[in-house]
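Read the structure below first, then the notes.
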Amino acid sequence: MSIKQNLRRAGWGGRPAHLPDFRNLGVVLRTLLLVNALAMAAVLVRNEQLDLVVIEMLEMAVGVEFSLILDVAALFLLQPALRRLPYPSGVVAVMGVVLVVALASRSLLAPIDSGGQLRPLLWSLASAAAVLAYFYQRGAAQAPALAEARLLALTARIRPHFLFNSLNGVLGVLRSNPRRAEEALEELSDLFRALMQDSRELVPLADEITLCERYLNLERLRLGDRLQVDWRRDPLADAALVPPLLLQPLIENAVCHGIEPGAGPGTVSITIERRGPAVIIGIANPLLEAVRHHVGNRMALDNIRERLMLFYDLEAALDIEQSADAYCVRIRLPFRNER
Amino acid sequence: MSDTLSAADFEPLAVLVVDDEAPARERLRDLLGDIAESQPTRIVGMAANGVEALALLEGETVDLILTDIRMPVMDGIELARHVGRLPRVPAVIFTTAYDEYAVRAFELAAVDYLLKPVRATRLAEAIAKARRVRPPADEILRQMAPANRSHFSINERGRILLVPVADVLYLKAEQKYVVARSRQREYLLDESLVQIEEEFPDLFLRIHRNCLIARDAVKGVARATTGLDGEAHWVIMLDGLAEQLPVSRRQWPAVKEALGV
């Protein structure tokens, strides 16, 4: 109970506003769509005769798209510098970039466009402000969602069944194998430490993998040889920053649905691979006949999908592949190694 | 004085421990040892699931079964249902780590259960109570079951014979019994067709007042002249069985729809 309350307080505190990530595909697409929509609206407002609208739009496109693409490219290049600025200076810097690009494209396009100098400049600045305002609003709308997701993450993570079964397992070996019992309690406390840390901070994938190994070791105490694990790791992916507890709930699902209901041994396979700018993670477990689809399963998946969306927007994906005898969750996320 | 009373009063109970997790079984063994003074017991066997437990019960007389609920192959509640067919029904105490649904059901049915990790004092109380209280009726267990049974069971000369539900091709009511037919042989079940139909609506389909068939085993339907009236009936052909099963005129519309013919 107290754990949750503390989290809530920390979660609702909100963090200072910050510029959008101009290298994020979702941000780029949203910017392009928004500016074009604004330009269309401007053309429609300005023209009373509908037959002139098409010509106007073409003229507008020459002016707008050229500088828009330059803007997006400039912001993409400047992203590492921009993200270090505090929000107000960041806004000024973005406006500056937009102004410079607008002036430059004016002078380049001057021979074919004899319109006024001031209006397009003001228009560029106004639409840049609108885009920034949009991302500011969006960020504000998502901050409580982020805290909520974090709460959800916590409540979904600690499966009471897992906790009590683990404690029972520790008690079961306490007299016969005190060393193993000690080890198990250490693993359990590591898991809880991870569960209680700030889940908005990204962590290196290598740390998440260590946590999963501890979790699996704890499950092996109860399940013995029934739990076989096949790790295929890629050292090139170790430094990638991922949301905390990205893998553990999925591996817990794999154990819970693929191993526990089976009488004999089964294998959970975890494959991690760096493929250029992306990290691909696969978690597979045997599909047991006895298992019907549990709500808990879907909840964990929805939860992780939502967190991926919050952290990476459109750049990450989670898919499920199901064959006759195996169930596999596949995650693709961008490789990033700086916070 | 009363020094010798405890040992003389209680015959050690023969206990069977059933749990799919080895440490959980060890823990119960330790605890039974700890409370031996007030509740003398002797462990006659340890099993990892319901089927293993029933196999152990063939050779041993057991007074008390301590069983986990969620286990692979056969869960604890189904085990308790099959055990109910033994001539001398042992007491059953369920153990569970955390299962809101099951716990509520237990309380409603006043069936004894222990939450894991189990405390020695609580275990001693439950055993003392189990010496007095009769085991729960099959009907109560049926309502508590988290899943359908995986097996039918038959009491054959004092031992329990299991028939996997998936092996049964059809069930036919005959006077006092229900005949379950598998590919190899027939079994006489001491249950009613209506109960079986209610418990497994997805597996079995009623084709006649006295007959349920396994939906998955249907090979085809045909018109045939069976019986004494010489009239043509619809019959069902099942995989791996030469026998043709008549569909009653009353059931035909429902059967037609269920099989999509």
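Just so it is clear: chains get the letters A, B, ... in the order the sequence lines come, proteins before strands, and each one is counted from 1.
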- Message: Let me confirm one number: the CE-CD distance from Met71(B) to Glu260(A), rounded to the nearest 0.5 Å.
- Response: 12.5 Å
- Task: Check Pro23(B) against Leu221(A) and note the closest heavy-atom contact, atom names and distance.
- Result: CG-O, 3.2 Å
- Query: Can you name the closest pair of heavy atoms from Pro72(B) and Pro261(A) and give their distance?
  - Reply: CB-O, 3.1 Å
- Query: Near Arg119(B) CZ, under 6.0 Å, is it more than 12 heavy atoms from other residues, nucleotides or ligands?
  - Reply: no
- Query: Under 6.0 Å from the CG atom of Asp225(A), do we count more than 12 heavy atoms belonging to anything else shown?
  - Reply: no
- Asp216(B) atom CG: more than 12 heavy-atom contacts under 6.0 Å: no
- Exceeds 12 heavy-atom contacts within 6.0 angstrom, atom CD of Glu257(B): no
- For chain A, which of Val51(B), Val73(B), Asp30(B) has the most heavy-atom pairs under 4.5 Å? Asp30(B)
- Arg226(A) side chain vs Asp20(B) backbone, donor-acceptor pair below 3.5 Å: yes
- Drop me the distance from Ser176(A)'s OG to Arg27(B)'s CZ, to the nearest 0.5 angstrom. 12.0 Å
- Around Arg29(B), counting heavy atoms of other residues, nucleotides and ligands shown, do more than 12 lie under 6.0 Å from its CZ? no
- More than 12 heavy atoms of other residues, nucleotides or ligands under 6.0 Å from CZ of Arg185(B): is that the case? yes
- Taking all non-hydrogen atoms of both residues, which atom of Asn168(A) and which atom of Val118(B) are closest, and how far apart? OD1-N, 4.2 Å
- CG (Asn165(A)) and OG1 (Thr96(B)) are apart, to the nearest 0.5 Å, by 8.0 Å
- Item | Ala24(B) versus chain A, the contacting section by heavy-atom distance below 4.5 Å | both
- Of the non-hydrogen atoms in Pro117(B) and Phe164(A), which two are nearest, and what is the gap between them? CD-O, 4.1 Å
- Check whether any side-chain heavy atom of Lys116(B) lies under 4.5 Å from a side-chain heavy atom of His161(A), and answer yes or no. no
- Query: Are Asp34(B) and Arg175(A) ion-paired here, with the side-chain N under 4.0 Å from a carboxylate O?
  - Reply: yes
